[in-house]
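Only one structure is covered here, and it is reproduced in the block below.
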Protein chains: 2
Amino acid sequence: MATSEGLEAFSDLRGTLERSSTAERVADALRERIIDGALAPGARLSEEALGQALGVSRNTLREAFRLLGHERLLVHRFNRGVFVAEPELADVVDLYRVRRALELDAVRRADRAPEGAVARVGAAVEEGEAAAGRGDWWGVGTANMRFHQALAALADSPRTDEVVRRLLAELRLVFHAMAAPRDFHVPYVALNRRIHRLLEEGRLEKAAEELSDYFDVAERQLVEAFSEETEEKE
Amino acid sequence: MATSEGLEAFSDLRGTLERSSTAERVADALRERIIDGALAPGARLSEEALGQALGVSRNTLREAFRLLGHERLLVHRFNRGVFVAEPELADVVDLYRVRRALELDAVRRADRAPEGAVARVGAAVEEGEAAAGRGDWWGVGTANMRFHQALAALADSPRTDEVVRRLLAELRLVFHAMAAPRDFHVPYVALNRRIHRLLEEGRLEKAAEELSDYFDVAERQLVEAFSEETEEKE
DNA sequence: TGGTGAGGATTGTTCAACAATTCACCGATC
DNA sequence: GATCGGTGAATTGTTGAACAATCCTCACCA
């Protein structure tokens with residue numbers, strides 16, 4: 001065991017080294033397509049066609065479908081196939097309810113957050129500012145997700161991280177279903193900066209308050225956008 | 001469309017009618033065995049042997065494994081097989097962290113809970129009292145889980161329900177790993193009754209306080225039991 | 001004692017097949 | 001003209017077998 005000193009430096013490589021199964025890689029690829037809108041909500045995914053396109057067998061593809069089904073990105077209708085999920089108004093409300101509980105809790109206990117966690121929140125803020133600067137609205141959206149993921153990480157809880165990651169992925173689906181996602185995210189860049197500053201100053205309760213207000217505003221905005229959508233359809 | 005009135009009455013049947021896939025039924029069966037301890041933490045599940053025993057093909061069984069893996073009841077080690085999860089001390093702490101956030105939030109907003117939700121909490125309390133009366137400690141544990149599930153349901157949020165259900169299932173795994181699960185749950189029956197009464201009286205903040213204390217005590221008790229366990233092993 | 005292969009067992013993945021189910025189409029009926 | 005019922009193609013659900021890749025054991029050797 002004399003040679004086992006300083007091995008902690010390699011622990012970061014673990015994730016990289018772990019080969020993943022084909023099903024997981026397929027799931028990753030599909031998740032990307034769903035999140036960036038290449039696969040629209042409601043679209044049906046044929047086992048045969050997709051399997052051929054991706055070069056994997058139906059069985060493997062079905063495993064990938066199961067993974068994404070659990071993330072609520074796909075819905076599996078028995079004997080009917082899998083479809084890209086179509087979030088409804090109720091889903092939007094529900095997503096915000098859970099986010100509120102988890103993210104606010106994470107912010108309130110940020111004093112016990114792990115080393116560097118607040119800094120990662122700041123990094124996400126800057127990423128968003130940079131994207132906004134070059135007019136990359138999709139990039140702003142991505143940075144925004146990363147910001148909230150970083151907020152959740154303040155709880156120092158793997159399960160919170162996982163749940164929030166799923167919620168945010170689902171939320172991106174909602175953005176595709178709404179009318180004008182283009183300038184939804186941009187206004188919040190400044191707010192994110194403010195929340196990060198409060199975190200740095202240790203004013204956690206104030207930060208939680210601002211975050212709570214954000215949830216109110218964003219949720220209402222989404223709900224309204226959604227109501228208009230459905231009105232148009234009818 | 002003149003005949004389509006009053007069809008809402010049938011919407012309850014939807015769930016009953018939906019046939020489930022073989023994989024899901026297999027997953028249900030395995031989940032039961034894991035939760036009631038028939039499959040001990042750490043046990044390895046052979047695809048071949050289990051498939052034969054259950055009368056399903058390896059492919060189908062693998063689908064079921066994926067489902068339970070997402071619930072963290074099984075861990076899937078690449079090229080090595082699936083094992084019943086072995087929760088560690090860190091998992092106990094993490095489980096309570098997320099439960100605290102979600103259940104407390106649910107209790108605090110119980111004034112907006114759906115019709116009959118508080119009554120279902122009461123039903124779980126009585127179930128626990130009945131089980132305690134006849135000395136059925138396992139039944140007390142089950143009722144306790146149902147009590148907390150009912151608390152979570154106060155949030156009126158499908159996603160909260162799902163997450164909490166998963167957390168509680170995982171928690172049962174923890175009980176198997178600890179020394180004396182026999183009389184762990186019984187002392188909390190009285191507390192549950194108290195919390196229910198506070199909910200009925202609308203004293204939500206007080207109820208949340210009691211619940212928070214419960215989390216403190218239960219978590220510490222589990223952590224201690226766990227530390228002893230690992231000491232014995234070494 | 002500690003390293004090293006060889007071999008057996010298990011998983012990862014594919015393929016082909018068949019049963020079960022859905023869906024769209026089309027004619028029959030009132 | 002709308003509804004009902006049935007036929008058939010297309011798709012999913014599930015199985016079983018096959019083979020490659022990987023891991024584990026254990027005897028063997030320095």
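So that the names make sense, note that chain A is the first sequence line, chain B the second, and so on, each numbered from 1.
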Q) Within a radius of less than 6.0 Å around CD of B:Glu88, do more than 12 heavy atoms belonging to other residues, nucleotides or ligands occur? A) no
(Q) For C:dC23 and A:Arg77 - does any side-chain N or O of the residue sit under 4.0 Å from the phosphate oxygens OP1/OP2? (A) no
Q) Between A:His76 and D:dG13, is there a side-chain N or O to OP1/OP2 distance below 4.0 Å? A) yes
Q) What's the closest nucleotide to the A:Asn79 side chain, out of C:dG12, D:dT12, D:dT15? A) D:dT12
**Q.** Gap between atoms CG and P, on A:Leu50 and D:dT12 respectively (whole Å)
**A.** 10 Å
Q) Where each residue is assigned the nucleotide of DNA chain D containing its nearest heavy atom, which of B:Arg58 and B:Glu63 is assigned the position nearer the 5′ end? A) B:Glu63
**Q.** Protein-nucleotide distance (A:Phe78, atom CZ; D:dT14, atom C1'), rounded to Å
**A.** 10 Å
Q: Please report, rounded to the nearest Å, how far the P atom of C:dT22 is from the CD atom of A:Glu47.
A: 15 Å
Q) Which part of the nucleic acid does A:Gly55 contact within heavy-atom distance under 4.0 Å: base, sugar-phosphate only, or nothing? A) sugar-phosphate
Q. Expressed in angstrom and rounded to an integer, what is the separation of A:Arg62 atom CZ from C:dT13 atom C1'?
A. 15 Å
Q | Rounded distance (Å) that lies between atom P of C:dG12 and atom CG of B:Leu61 | A | 11 Å
Q: Whole angstrom is fine here: how far is it from CD in B:Glu24 over to P in D:dT14?
A: 9 Å
(Q) I want to check a possible cation-pi pair here: B:Arg77 against B:Phe83, using under 6.0 Å from ring centre and within 45° of the ring axis as the test. (A) yes
Q.
Between P on C:dG8 and CD on B:Glu48, what's the gap in Å once rounded to a whole number?
A. 17 Å
Q) Would you say the ring centroid of B:Tyr214 lies under 6.0 angstrom from that of B:His148? A) yes
Q: Report the nucleotide, chosen from C:dG12, D:dT15, D:dT14, that has the shortest atom-to-atom distance to any side-chain atom of B:Val56.
A: D:dT15
Q: Could you tell me the separation between the CG atom of A:Leu74 and the C1' atom of D:dT12, rounded to a whole number of Å?
A: 15 Å
Q.
Measuring to OP1 and OP2 of C:dT13, would you say a side-chain N or O of A:Thr22 lies under 4.0 angstrom away?
A. yes
Q. What nucleotide, of C:dT14, C:dG12, C:dT11, holds the atom closest to the side chain of A:Thr60?
A. C:dT14
Q: Assess the side chains of B:Arg62 and B:Ser57: does a donor N or O sit below 3.5 Å from an acceptor N or O?
A: no
Q) Which of these nucleotides, C:dT11, D:dG16, C:dT13, is closest to any side-chain atom of A:Asn59? A) D:dG16
Q: Among C:dT14, C:dT11, C:dT22, find the nucleotide with the atom closest to the side chain of A:Arg80.
A: C:dT22
Q.
Let's go through A:Glu115 and A:Arg120 carefully: what are the C-alpha distance in whole Å and the side-chain angles of both, what is the deciding distance for salt bridge (Lys or Arg N to Asp or Glu O under 4.0 Å) to 0.1 Å, and is it a yes or a no?
A. CA-CA 10 Å; A:Glu115 185 100 20; A:Arg120 275 186 288 278; over 6 Å; no
